[in-house]
Number of protein chains: 2
Amino acid sequence: MRDRPGRGHRPAARESILDAIRAAEQLSRVELAAVTGLTEAAVSMTVRRLLDEGLLIETGRTPTGGKPRTMLRLDPAARLAVGVHLDRDVTTFVLTGQTGGVISRLARPALAADLADGIDLLLTASGVDRARCLGIGVVWPGPRDDVPHLRGWDPTELRKRLAEESGRPVLVEDGATAAAVGEYWVARIGADRPFAALHMGSSIGAGIVVDGRALRGSVGGFGHVCVQADGPECWCGSRGCLETLAGPEAVVAAARADPAAAAEAGLDRSVSRGVTADFAAVARAARAHGPRCLALLETSASYVAAAAESVVNLLDLDLLVLTGPGFAAASFVYGPAIMRRVQPAGARTWNRSVTVTVSSAAATASATGAAAVVLQSHLRRQQ
Amino acid sequence: MRDRPGRGHRPAARESILDAIRAAEQLSRVELAAVTGLTEAAVSMTVRRLLDEGLLIETGRTPTGGKPRTMLRLDPAARLAVGVHLDRDVTTFVLTGQTGGVISRLARPALAADLADGIDLLLTASGVDRARCLGIGVVWPGPRDDVPHLRGWDPTELRKRLAEESGRPVLVEDGATAAAVGEYWVARIGADRPFAALHMGSSIGAGIVVDGRALRGSVGGFGHVCVQADGPECWCGSRGCLETLAGPEAVVAAARADPAAAAEAGLDRSVSRGVTADFAAVARAARAHGPRCLALLETSASYVAAAAESVVNLLDLDLLVLTGPGFAAASFVYGPAIMRRVQPAGARTWNRSVTVTVSSAAATASATGAAAVVLQSHLRRQQ
DNA sequence: GGGCTTCGTTCAGTTGCTTAAGAATGTGGG
DNA sequence: CCCACATTCTTAAGCAACTGAACGAAGCCC
């Protein structure tokens, strides 16, 4: 009953074609037929409709033995999506085209008026056709993240309210899942195999994409993978959670508690600029050969690596993407640590070669990812 | 490109209807229309065809205000599947109908001739129409399980060879995944929500079903979830794996090493009857108030609970099913331990109420599950 | 220019479903 | 008993998506 055949006849060709072009960047009609399994006739018909609607554009021809292929691409400006990321001090808005590329960006103080207001400003400033905006993706901060004007709200409430205020569909997603969808959508990763995106912002999480669909994990689920069965108690009520032992908050707290590390990172004893910024300071210090900060990160990384290995083993993944500002700042520690732990066992025992990469736009992944979630939802009607 | 629209027009109605009836046991045509979202006309047409093919049977009528409904069920004998489970000393064959119910069972010494031979015997002895047998599901034992006549084979090889010998399609699945699919298919669990089936046979594993589809985990992935980041080295090359710390083999080894526990369980110092049997002996001893054996199980259970919590958190599950001979024998320890760990945090922090149940046919779950995998594959053509 | 190759389109036909109307099969009321 | 009435199921006509196969289009090579 999950995949009900829908009221009208759902034209699978449209979605197949759009998705295939998204994944390949550009394709000709015959290539589309080969890739999607449709006949050339069906592709021809559907493509014409998509061209008429302005979703696709013809772009050059590539020579062959006979008639050259006319290549097709998504028209980036045909459909737009907005992504919103709420941090403690600042709210970031991004406007992306249907290929996921960023068209414009806007940052405002966290408490500045309403979200709907910011979105309106972004759209106006960008001078785009507002009717083309498919919807708004919002990155839901973790339950512990300190976003004062959101405290006490739940995702459903935010979604309903923002949808009402902005008059557009709103999707709310956690940062890690959004980032994972972003990787799939924009960086064209994971079309052929499942993967996980590990995300470190003000907390740590993972988004898992299987067959191009995100598994709906709980907010911050990866942060509460157990890496120490009898470890210290976590705020969630359990013991030995990754977040407690190795999350950015834990790293920053440890750095503050250690005068030498705090000095290396230039952390003020009392004033915090937020977890994300403080963690970045620790990472910078480590990179500049601050031994205490480096040691703290190494410890954290060893736990993250253990949790990553759990996920890789559990779901038989062979691809991990590190993303989010935390990994953007400290991937030089976390990347190798994860690889060291994940690769040998994978190769030797499971005959699996695990790749660990860092996202190309790690620092802003979750906001652009939130926009990608909106784009994704318009392609895959089935849920 | 994953869900290509197929060569002909793929009739989604057939699959929706069969799956809806499977899940609900029996339904009338109007109910089917409501549940599947199809129109009554479409249901009528499709149902007639399914009746003609003998897949469905009409079974009684339930009164209403007007014309009574004629209820439809799957004809259990219309399609059959064989499940095969290879253990160290014995190979079990089960023949099930398309509802997953066991029609007949056969156990042979592990080394008795060929698998194809056993399947042939099973079908002959059952006196069923062999043409109705959709295929054979084989439970692939873990890489460490001691099945002598399979040593050095890989799943692909087994599949190809058995398909050739038996002349039927063969699907190979690991025990935990098979058991999970079996729960979904036979016990009608998880139609509305994702769940995990934890399986303990001669090793420990988990099958995860989301939207009625099994996530393809590696063989024994759950056994190599890390519950102790700096724990003892595992044969897989990693550290602190669940299986090393708490798997049945570890429990049995610990019982053997402890004279008091070995005495309680009646374990011979030198001769082993196989991990599964030895573990069952330990569980029996614990149930009969053998304190040392109980302590060993409690320790194991605390690790399993930690790993279970990781999975529950990671994938936001609210249902765990314990299955396999190991849990069948020792669920009185593992069930409460897992509940103690998983429920409080889930309820308090994630606003999620996690249910932990024991499978109704835990001891033989993987063999019947393997048959269910075959049935499942015939319903969901999409991979 | 005439093959040759490859790309894309057109057109008739099939199929799975829809909508709309009607047949079947029960209940309860005169 | 016969007739509304309710509800279930079937039949008939139509639409839209896709298939198959033949055909037009656009380049290269001789």
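Per chain, numbering begins at 1; letters A, B, ... match sequence-line order.
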query: So, is B:S28 close to the D:dT8 phosphate, meaning a side-chain N or O under 4.0 Å from OP1 or OP2?
result: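 Checking B:S28 against D:dT8: no side-chain N or O falls below 4.0 Å of OP1 or OP2.
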message: Can you see if the side chain of B:T39 gets near the phosphate of C:dT18 - specifically, an N or O under 4.0 Å from OP1 or OP2?
response: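 For B:T39, the contact criterion (side-chain N or O under 4.0 Å from OP1 or OP2 of C:dT18) is met.
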Quickly work out the [X] [atom1] to [N] [atom2] distance and round it to whole Å.
X: A:M71; N: C:dC7; atom1: CE; atom2: C1'; result: 12 Å
X: A:L38; N: C:dT9; atom1: CG; atom2: P; result: 14 Å
X: A:L27; N: C:dC7; atom1: CG; atom2: P; result: 13 Å
X: B:R29; N: C:dC17; atom1: CZ; atom2: P; result: 16 Å
X: B:E40; N: C:dA21; atom1: CD; atom2: P; result: 15 Å

message: Let me test you: for the helix from C:dG8-D:dC23 to C:dG30-D:dC1, what is the angle between the axes at its two ends (five pairs each), rounded to 10 degrees?
response: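 So the angle between the two local helix axes works out to 10°.
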task: Can you sort out which residues in residues 42-53 of chain A have a heavy atom within less than 4.0 Å of DNA chain C? Ascending by number, please.
output: A:S44, A:R48
Before accepting this row, confirm whether a basic side-chain N of the pair [X]/[Y] lies closer than 4.0 Å to the acidic partner's carboxylate O.
X: B:E53; Y: B:R79; answer: no
X: A:R22; Y: A:D19; answer: yes
X: A:E157; Y: A:R161; answer: no
X: A:E173; Y: A:R159; answer: no

message: Under a 3.5 Å cutoff, is there a donor and acceptor pairing between the side chains of A:T70 and A:R29?
response: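 A:R29 and A:T70 do have a side-chain donor-acceptor pair below 3.5 Å.
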- prompt: Looking only at side chains, do A:T36 and A:S16 share a donor and an acceptor under 3.5 Å apart?
  reply: no
- request: Choose from D:dA12, C:dT10, C:dT9 the nucleotide whose nearest atom is closest to any side-chain atom of B:A41.
  value: D:dA12
- prompt: To the side chain of B:V30, which of D:dT8, C:dG8, D:dT19 is closest?
  reply: D:dT8
Check the interface with nucleotides 24-30 of chain D: list each N/O to N/O pair with the protein under 3.5 Å, or write none.
from   : atom 1 : to    : atom 2 : distance (Å)
D:dG27 : OP1    : A:R61 : NH1    : 3.3

task: May I ask you to check if A:R213 and A:Y184 form a cation-pi contact, with NZ or CZ under 6.0 angstrom from the six-membered ring centre and within 45° of the axis?
output: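 No; the conditions do not both hold, so A:R213 does not lie above the ring face of A:Y184.
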